[in-house]
There are 2 protein chains.
Amino acid sequence: MAQVQILSRNQQIVLDIIEKAKGPLKAYSILFNVQKKGINAPQQIYRALDKLIEMGKIHKIESKNAFVACRSSDCEISKATAFSICESCEMVDEISDTKLSKYLSGFNHKKGMKFKRFNLEFFGICKKCKKD
Amino acid sequence: MAQVQILSRNQQIVLDIIEKAKGPLKAYSILFNVQKKGINAPQQIYRALDKLIEMGKIHKIESKNAFVACRSSDCEISKATAFSICESCEMVDEISDTKLSKYLSGFNHKKGMKFKRFNLEFFGICKKCKKD
DNA sequence: ATAACAAACGTTATATTATAACACAATGTT
DNA sequence: AACATTGTGTTATAATATAACGTTTGTTAT
């Protein structure tokens with residue numbers, strides 16, 4: 001019953017910043033940006049980030065230790081994430097491609113391990129950077 | 001002409017440890033393990049790790065900040081990596097599946113970005129852990 | 001309404017992961 | 001010989017993340 005998630009104060013503040021951002025944000029850069037709102041400690045950021053990830057509102061880009069808002073499905077808990085990352089400008093795009101997602105969700109390891117979740121990161125140079 | 005790579009002293013020491021390990025190793029755990037061999041500083045480890053990655057001898061498991069030896073193709077420069085990770089015992093297995101690799105290497109983003117490289121991490125509970 | 005519990009908060013301290021910067025040595029190239 | 005390239009060793013510090021504690025707020029059940 002797709003219940004509307006109510007966010008706590010800190011969670012909302014952190015989510016707002018990530019959603020407004022044009023690219024991935026790092027935890028400490030979020031922290032510096034919210035100090036005026038009375039959030040002073042890394043713990044407060046990391047706690048909010050953890051919950052937001054659990055809820056599927058944001059994703060962590062593992063190769064960058066940075067966080068982006070979820071733009072694809074209206075934020076189901078994300079068990080299948082894929083991103084396109086520009087190695088020049090650091091831009092990150094969430095890839096939501098049903099075929100890809102189905103293909104990978106159905107992928108089974110020879111050794112009999114059943115997968116619950118995957119994360120895929122593609123790297124390259126984005127169109128914009130290629131022009132320069 | 002698949003030239004045999006000659007490793008420097010530190011690179012060889014670090015590679016040996018990673019190859020002997022049963023699971024992924026973290027940089028500082030490598031450091032502690034090689035202090036008897038006269039390596040004292042994180043820089044020395046990270047420098048060796050960087051080169052070994054460039055050479056395709058090892059891979060970084062991004063979600064764990066840890067390193068594993070390359071077991072698949074006899075270590076071409078790795079542009080297409082996939083791993084299966086047990087969330088219980090932390091075991092990591094490199095997946096070398098030609099179909100998967102081809103499928104992903106051929107994948108093209110709508111937005112016209114050409115990918116040079118990808119990294120895929122699957123998560124689940126391995127067979128061994130399921131028994132317990 | 002209030003007791004009981006869970007979730008979120010604030011804070012201090014600390015652990016873990018990674019890089020900067022500098023000087024020197026070994027090797028290879030021209 | 002002069003020069004570039006790669007690797008080394010070292011000290012210092014930056015950046016990322018968690019532990020542990022006590023308090024406050026929000027929910028649910030009676």
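All figures in this text were calculated on a predicted structure; none of them were measured in a lab. Just so we're on the same page: letters track the sequence lines, and every chain starts at 1.
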Worksheet item: Atom OH of B/Y46 and atom C1' of D/dT8: how far apart are they, to the nearest Å?
Response: 18 Å

Worksheet item: How close or far is atom C1' of C/dC9 from atom CG of A/L7, stated in whole angstroms?
Response: 15 Å

Item to complete: Find the distance B/E62:CD to C/dT17:P and express it as a whole number of Å.
Response: 14 Å

Practice prompt. Assess the pair A/F122 and B/F107: is the distance between their ring centroids shorter than 6.0 Å?
Written response: yes

Practice prompt. Take A/Q44 and A/N40, measure what side chain to side chain donor-acceptor pair (under 3.5 Å) needs, and give me the verdict at the end.
Written response: CA-CA 8 Å; A/Q44 299 174 280; A/N40 307 300; 4.8 Å; no

Item to complete: Step by step, work out the side chain to side chain contact (heavy atoms under 4.5 Å, CB included) result for A/L120 and A/L100.
Response: CA-CA 10 Å; A/L120 170 59; A/L100 174 65; 4.2 Å; yes

Fill in: Integer-rounded Å distance: D/dA15 P and A/I45 CD1
16 Å

Discussion item. Classify B/K64 by what it touches in the nucleic acid, base, sugar-phosphate, or nothing, heavy-atom distance under 4.0 Å.
Written reply: nothing

Response to the item:
Output for pair (A/T81 OG1, A/L104 CG), nearest 0.5 Å, gives 10.0 Å

Worksheet item: Is there a residue in residues 33-43 of chain B whose heavy atoms reach under 4.0 Å of DNA chain D, and which residues are they?
Response: B/N40, B/A41, B/Q43

Worksheet item: Under a 4.5 Å side-chain heavy-atom rule over Ile, Leu, Val, Met, Phe, Trp and Tyr, are A/F115 and B/I125 clustered together?
Response: no

Worksheet item: To the nearest Å, how far apart are A/D50 CG and D/dA19 P?
Response: 11 Å

Worksheet item: Is B/K116 salt-bridged to A/E87, cutoff N-O under 4.0 Å?
Response: yes

Just the atom pairs and distances: protein N or O near nucleotides 27-29 of chain C's N or O, under 3.5 Å.
none

Fill in: Positions of residues 9-27 of chain A (non-hydrogen atom under 4.0 Å from DNA chain C), listed by number
A/R9, A/N10, A/Q11

Item to complete: Please indicate yes or no: is the ring centre of A/Y28 less than 5.5 Å from the centre of the six-membered base ring of D/dT16, with the two planes inclined by under 30 degrees?
Response: yes

Worksheet entry | Inter-residue atom distance A/K51.NZ - A/R47.CZ, 0.5 Å rounding | 10.5 Å

Response to the item:
Scanning both residues in full, the closest heavy-atom pair of B/S101 with B/F118 reads O-CE2, 4.2 Å

Worksheet, complete the sentence: In whole angstroms, the gap separating P of D/dT11 from CD of B/Q44 amounts to 10 Å

Discussion item. Does A/N33 form a side chain to side chain donor-acceptor pair (under 3.5 Å) with A/Q35? I'd like the steps, not just the answer.
Written reply: CA-CA 6 Å; A/N33 274 285; A/Q35 289 191 317; over 6 Å; no

Worksheet item: Over how many whole Å does the gap from B/I6 atom CD1 to C/dA26 atom P extend?
Response: 18 Å

Discussion item. Would you compute the distance between atom CG of B/L15 and atom CD1 of B/I30 and round it to the nearest 0.5 angstrom?
Written reply: 10.0 Å

Worksheet item: Yes or no on side chain to side chain donor-acceptor pair (under 3.5 Å) for B/N10 and B/Q12, after CA distance, side-chain angles and deciding distance?
Response: CA-CA 5 Å; B/N10 288 0; B/Q12 190 63 61; over 6 Å; no

Worksheet item: Taking for each residue the nucleotide of DNA chain C bearing the nearest heavy atom, is the 5' side occupied by A/A48 or by A/N65?
Response: A/A48

Item to complete: Send over the distance from B/R47 CZ to D/dT11 C1', rounded to a whole Å.
Response: 12 Å

